[in-house]
Student: 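Here you go, one structure.
Lettering follows sequence order; numbering is per chain, from 1. Values below: all heavy atoms of this structure, side chains included; hydrogens, waters and symmetry mates excluded.
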There are 2 protein chains.
Amino acid sequence: MDLSSFLTSLTTSFLIFVVLMLLFTWLSRRPGNEVVYYPNRILKGLDPWEGRRRRTRNPFTWIREAVWASDADVVAAAGVDTAVYLLFLSSVLGILVFSGIILLPALLPLAQTDHALKLAYQKNQNLTYNDLDKLAMSNIQVKSPRLWACLLGTYWVSFVTFYVLWRAYQYALDLRTTAKTSPEVKPEDFAVLVRDIPPPQDQSRKEQVDSYFRALHPDTFYKSMVVTDNKEANQIWEELEGYKKKLARAEVVFSESKTTEKPEGTRPTNRTGFLGLIGKKVDTIEYCNDKIKELLPKLEEEQKKTLREKQLPAALVFFNSRPAAVSASQTLHAQMVDTWSVMEAPEPRQLLWTNLSKKFYERQIRQYIVYGIVFLTVVFFMIPITIISAITTLQNLRKLLPFLKVIVDIKSVRTVLEAYLPQLALIVFLALLPSFLMKLSKAEGIPTQSHAIRAASGKYFHFIVFNVFLGVTLIGTLFSSLKTIIDHPKQLVTMLGESLPKNATFFLTFVALKFFVGYGLELSRLVPLIIFHLKKRFLCKTESEVKEAWAPGGMNFATKVPNDMLIVTIALCYSVIAPLIIPFAAMYFGLGWLVARNQALKVYVPSYESYGRMWPHMHARIIAALIIYQITMLSYIGLREFVYAPLVLPLIPSAFIFAYVCQKRFYQAFACTPLEVAASQGAKEVPNMEFIYTSFIPACLRQEKSEYADAFEAAQSQPQPPKPSSL
Amino acid sequence: MDLSSFLTSLTTSFLIFVVLMLLFTWLSRRPGNEVVYYPNRILKGLDPWEGRRRRTRNPFTWIREAVWASDADVVAAAGVDTAVYLLFLSSVLGILVFSGIILLPALLPLAQTDHALKLAYQKNQNLTYNDLDKLAMSNIQVKSPRLWACLLGTYWVSFVTFYVLWRAYQYALDLRTTAKTSPEVKPEDFAVLVRDIPPPQDQSRKEQVDSYFRALHPDTFYKSMVVTDNKEANQIWEELEGYKKKLARAEVVFSESKTTEKPEGTRPTNRTGFLGLIGKKVDTIEYCNDKIKELLPKLEEEQKKTLREKQLPAALVFFNSRPAAVSASQTLHAQMVDTWSVMEAPEPRQLLWTNLSKKFYERQIRQYIVYGIVFLTVVFFMIPITIISAITTLQNLRKLLPFLKVIVDIKSVRTVLEAYLPQLALIVFLALLPSFLMKLSKAEGIPTQSHAIRAASGKYFHFIVFNVFLGVTLIGTLFSSLKTIIDHPKQLVTMLGESLPKNATFFLTFVALKFFVGYGLELSRLVPLIIFHLKKRFLCKTESEVKEAWAPGGMNFATKVPNDMLIVTIALCYSVIAPLIIPFAAMYFGLGWLVARNQALKVYVPSYESYGRMWPHMHARIIAALIIYQITMLSYIGLREFVYAPLVLPLIPSAFIFAYVCQKRFYQAFACTPLEVAASQGAKEVPNMEFIYTSFIPACLRQEKSEYADAFEAAQSQPQPPKPSSL
């Protein structure tokens with residue numbers, strides 16, 4: 001790619017971004033769109049515009065608002081997890097800015113004034129180079145003392161990373177602690193999740209759990225809730241909720257049909273068969289009412305049965321003070337470590353109920369199997385795609401699906417399809433990958449949503465670094481020299497140093513495209529806007545259906561984080577080799593930070609809160625990227641025949657030591673709540689233990705009527721009078 | 001070594017053993033020797049012979065007593081650690097007996113009836129073989145289907161090991177739990193060791209610790225004791241104790257000198273200078289009295305100063321119930337994980353006071369440095385010995401120490417010395433090794449004696465396996481092919497399979513010698529007996545000096561365990577290759593078990609109690625030996641060109657999985673006390689908290705007089721009224 005085409009692509013991207021931003025400014029102020037652009041504020045019951053004139057046409061207002069909001073505002077609006085994601089973006093921005101301040105003025109002139117490319121060109125006229133290439137390190141001649149600058153640059157970037165990450169870890173911990181010590185009563189603070197309960201001996205599981213914990217925590221045990229197999233109850237409940245929605249919808253349709261001409265209206269009808277297409281035609285309102293009446297007692301029956309007979313070997317145990325719950329969650333209870341394993345209870349909403357009762361060794365085995373599958377997916381991901389492509393050749397498709405014949409036999413269609421079918425398979429596969437990885441992570445037996453997302457994000461990171469970053473870099477040389485790599489793994493390092501510089505411009509364009517177009521789309525929310533308006537016009541009848549149509553959901557960290565991490569890896573690896581990437585990457589993270597902050601304050605509603613447990617995960621991966629960078633530089637400077645190249649070597653162990661020290665110093669406070677924090681949670685008042693308890697009852701087991709309360713006792717224990725929290 | 005010389009060596013060893021056992025029978029019944037043969041019982045205030053006639057000359061009584069004693073007796077007499085050591089011996093015995101039952105009748109005839117050695121001899125007359133060799137697997141021809149027996153034998157030994165180890169781990173845990181749940185009040189059950197206390201802010205360290213723990217454990221905190229730098233106080237205290245002993249001795253000497261001829265006696269005198277050889281001559285009794293009078297206030301002064309001014313960043317914190325202490329010891333206290341780290345308090349007597357205040361990162365760094373030193377020692381241990389040998393050649397010695405000239409110049413002396421000096425250096429080095437490793441382990445910053453012993457034992461195990469087992473095995477081929485190994489590490493495995501069979505007879509003799517002579521010496525206690533009688537006659541004057549002379553001390557696990565582990569490794573590795581080793585190794589462990597049981601019941605007085613925390617350590621090392629064995633067999637069967645040799649391969653991962661499962665299932669209950677156990681410790685009564693507290697005060701800080709009590713307050717906190725333990 002030469003300079004002009006690079007500039008063209010850059011300009012195009014930038015124009016798209018400007019258009020999208022203007023669109024955003026215009027659209028977000030149109031009436032009826034506020035639920036798409038300010039759902040977070042609306043759901044909190046706040047005025048979307050906070051007294052500002054709605055029609056301000058200034059397209060930069062949102063930037064001012066995003067910058068001026070404090071971190072406390074962000075935490076209040078979108079939770080600690082989002083704040084930690086913003087911290088991640090700003091930390092990387094910090095690393096890039098600090099690096100750039102030194103590297104750009106130091107390295108660009110050094111590269112510009114050397115002549116390696118020119119000399120190479122004189123020797124071999126086939127080589128081409130452009131002005132961009134002249135700004136990269138490849139323009140420095142071999143053995144040149146200018147390579148000292150590369151070496152020192154590597155040190156500078158590494159130490160900047162260490163410094164920024166250390167500060168950021170500290171800050172993330174502060175965010176977590178501040179949120180954790182808020183006086184608000186959070187049910188999960190008083191509970192402990194118990195798994196691997198051994199089979200009970202001549203007593204119900206309920207009695208077993210109660211007697212066990214009452215004996216070990218006589219002063220602080222409050223109640224327990226045995227996890228039950230809710231599959232059937234849930235099925236009935238969902239059916240019931242379906243009919244309720246249908247009823248509400250039918251009633252709206254009916255009342256809307258009461259026009260002035262036809263005051264009695266038309267009662268809506270539907271068919272009872274498959275998809276409402278076949279079967280008997282019935283009056284929808286009556287039918288739904290009948291069904292609801294029929295299902296309610298059935299649900300009650302099933303609830304009772306579930307609570308009594310379907311108790312599983314897992315439980316939630318409630319304590320009457322935070323420090324008691326924290327202490328209990330960290331103390332080894334049973335002699336046999338694979339029984340009665342305890343952990344801090346997660347939020348009720350992020351419990352993965354079906355995973356709770358999975359046994360200890362089952363979890364271990366599942367984990368290793370999943371790791372195996374992921375490893376195979378990462379390493380051999382091209383193979384299934386090749387197979388799919390082979391199956392989906394036109395010839396095969398024609399045989400399998402004869403009705404396509406007519407289309408396929410048109411020559412122009414055929415040419416296009418033949419060219420794009422393999423790519424299509426790749427795109428479909430890549431689109432399905434995140435949810436596939438999420439399914440795999442859940443199959444490990446992980447008990448919480450947030451943990452599953454972290455696990456999926458980790459898997460996606462491996463995939464992206466290996467297949468996109470290393471894939472693009474080495475694609476030319478990789479397959480031809482696969483045998484070399486297998487025989488001499490060290491060769492991979494050399495190849496990194498050789499191939500990376502060649503792809504600098506490609507990645508530069510990639511980053512620019514990604515931030516201008518990606519963030520433009522993210523900010524303007526064009527896709528959700530269109531979907532919302534389509535749904536509202538053609539599908540939604542009731543208020544709640546409309547609300548569902550604009551419900552924004554949470555940020556999708558499972559794909560956002562690994563994608564950003566790819567840019568981190570690219571930016572670090574090229575920071576010295578092609579320092580021009582630094583401003584682009586810095587813009588990516590700066591703009592990303594602004595947009596994410598805007599979306600956090602106004603759009604997304606987090607679906608869980610893990611108090612920033614994503615941070616250690618991000619931290620570890622930034623360091624992993626740094627180590628890839630250091631290895632690349634070692635190889636790159638070595639290939640330039642610079643005798644002092646081994647001086648890069650000490651950086652690699654120092655990165656490991658840094659990771660180790662951080663892990664030792666901070667990690668445990670993320671993995672579990674320190675007693676200090678639990679004890680300082682402003683909790684002089686006695687919490688409403690019954691509220692805490694009921695908030696953990698899954699929706700399908702909640703009582704519809706109050707007279708039904710006693711049935712619940714089967715999976716409840718007699719509460720002890722709550723005792724005021726100790727601090 | 002041919003059969004006759006093997007039998008000669010065996011017979012000699014056996015005769016030595018019989019003589020030593022008869023000696024033991026005779027000596028142990030001689031009056032005055034009971035303190036050497038029954039010190040454990042005497043110290044417990046029991047009758048050494050328990051009503052049996054003292055003069056029974058039956059040399060097998062001790063065997064009956066050892067076998068008939070229950071494990072509860074052993075635990076009562078010698079603690080859980082010794083019981084676990086006995087369990088280790090009996091487990092290995094079990095593995096060997098179970099293996100032998102199948103392997104001996106199956107493999108010996110198979111080997112005996114084949115002709116590989118004969119055929120080899122026919123080809124090459126230089127090869128020699130004897131009847132012993134014909135009983136080993138080397139007599140089976142290559143590619144013979146008889147090698148199936150070797151393969152199945154390997155499986156049998158592996159699974160027997162898994163079975164026995166699983167049962168033994170369970171049993172060790174039971175032993176630990178039974179001992180831990182005894183109703184006896186053990187001070188360490190109520191305390192927690194706190195390290196890495198951050199620098200205090202405008203308060204004393206004492207106040208800081210108190211306020212911190214009182215805030216976090218308001219209901220259960222009792223008191224704290226800040227660790228102080230006792231170096232100087234200890235020095236004064238030791239000096240004082242020295243003078244007290246000297247005084248007691250002088251008084252005995254004086255009263256003994258009052259004979260009928262000279263009723264006024266001779267007052268003993270001594271010189272005050274170096275070693276009592278120079279300086280002013282003084283009356284010892286007066287001198288000591290003066291010194292004691294002088295030192296007592298000095299000690300008091302230093303004690304006060306230490307408690308007030310020399311507080312270190314570590315403390316013992318006391319709780320008023322066992323579950324509270326256990327919970328606290330397992331709960332993360334501070335946000336910064338490298339501050340306020342807590343762990344279960346060890347027994348007062350096994351605290352390594354000087355290590356307690358070492359900071360978190362210092363401990364980590366020290367640990368890695370020590371690992372480095374140990375690695376170098378293990379790998380390059382021949383180098384310092386060679387250097388020492390070079391320095392201690394006779395020529396050099398003559399130059400350095402000219403006064404030796406007269407002796408060295410005698411020709412016969414010279415010849416002997418020249419031959420033995422290098423060996424002498426080796427022996428001295430090997431003798432110093434255990435205490436060197438112990439020093440290294442303590443330098444890691446380990447807080448307890450038992451942990452340091454485990455660490456030293458682990459280091460010694462590495463040394464012994466690498467240098468003795470692999471050293472002897474590969475010595476012939478190792479140095480010649482060191483380059484091959486470095487270039488192709490896989491070669492080592494092949495070499496194991498090649499060299500091991502050649503050394504079978506050597507190890508057979510080694511094991512036999514070790515148990516007959518070693519256990520004979522151990523049982524007869526000849527060395528301690530001689531030392532005791534010498535000391536008693538020439539040195540000891542007072543009662544306490546005599547008592548010191550026969551004090552038996554504890555078993556030295558730091559060297560005993562690795563030495564036994566060497567035999568385990570040898571026995572496992574040869575179990576199939578030369579099955580004849582099985583009965584000898586079984587005798588080693590059987591006899592060892594008997595002798596150790598006898599010594600545990602009657603002789604040794606354990607110097608600490610760690611409730612069997614040695615077990616996981618032994619368990620891991622037996623599995624390590626098993627894995628070495630499996631690798632050896634893989635290589636051995638492979639070298640015999642047996643096509644099914646790769647079938648041994650699955651055993652290696654299965655051993656790792658077994659180790660992993662055991663670790664997950666049992667280890668944590670050894671690493672810390674489960675709440676279950678702490679809560680079931682019969683503790684309805686309120687413990688005497690003041691007793692618990694004072695038992696942790698180091699000897700040099702104990703108050704001599706009662707009026708001095710208030711001075712202690714500087715490092716004490718105001719106690720809360722003890723609360724009855726919760727269960």
Student: Could you look at A:F670 and say if it's the side chain, the backbone, both or neither that has a heavy atom under 4.5 Å from chain B?
Tutor: neither
Student: Begin from the C-alpha positions of A:Q364 and B:Y660 and carry the test side-chain contact (heavy atoms from CB on, under 4.5 Å) through to its verdict.
Tutor: CA-CA 11 Å; A:Q364 301 286 338; B:Y660 178 77; 2.6 Å; yes
Student: Just jot down the salt bridge (Lys or Arg N to Asp or Glu O under 4.0 Å) partners of A:E207, sequence neighbours excluded, or say none.
Tutor: none
Student: Can you say whether A:Y368 sits under 4.5 Å from chain B via the side chain, the backbone, both, or neither, judging by heavy atoms?
Tutor: side chain
Student: Do B:H217 and A:L675 have side chains that get closer than 4.5 Å, going by heavy atoms?
Tutor: yes
Student: Using a 6.0 Å cut-off, check whether atom OH of A:Y361 has over 12 heavy atoms from anything other than its own residue.
Tutor: yes
Student: Atom CZ of residue position A:F656 - does it have more than 12 heavy atoms of other residues, nucleotides or ligands inside 6.0 Å?
Tutor: no
Student: Under the side-chain contact (heavy atoms from CB on, under 4.5 Å) criterion, do A:W340 and B:E676 qualify, and how do the steps go?
Tutor: CA-CA 10 Å; A:W340 297 106; B:E676 245 178 39; 4.2 Å; yes
Student: If contact means a heavy atom pair closer than 4.5 Å, which residues of residues 327-336 of chain A contact chain B?
Tutor: A:S327, A:Q330, A:T331, A:L332, A:H333, A:A334, A:Q335, A:M336
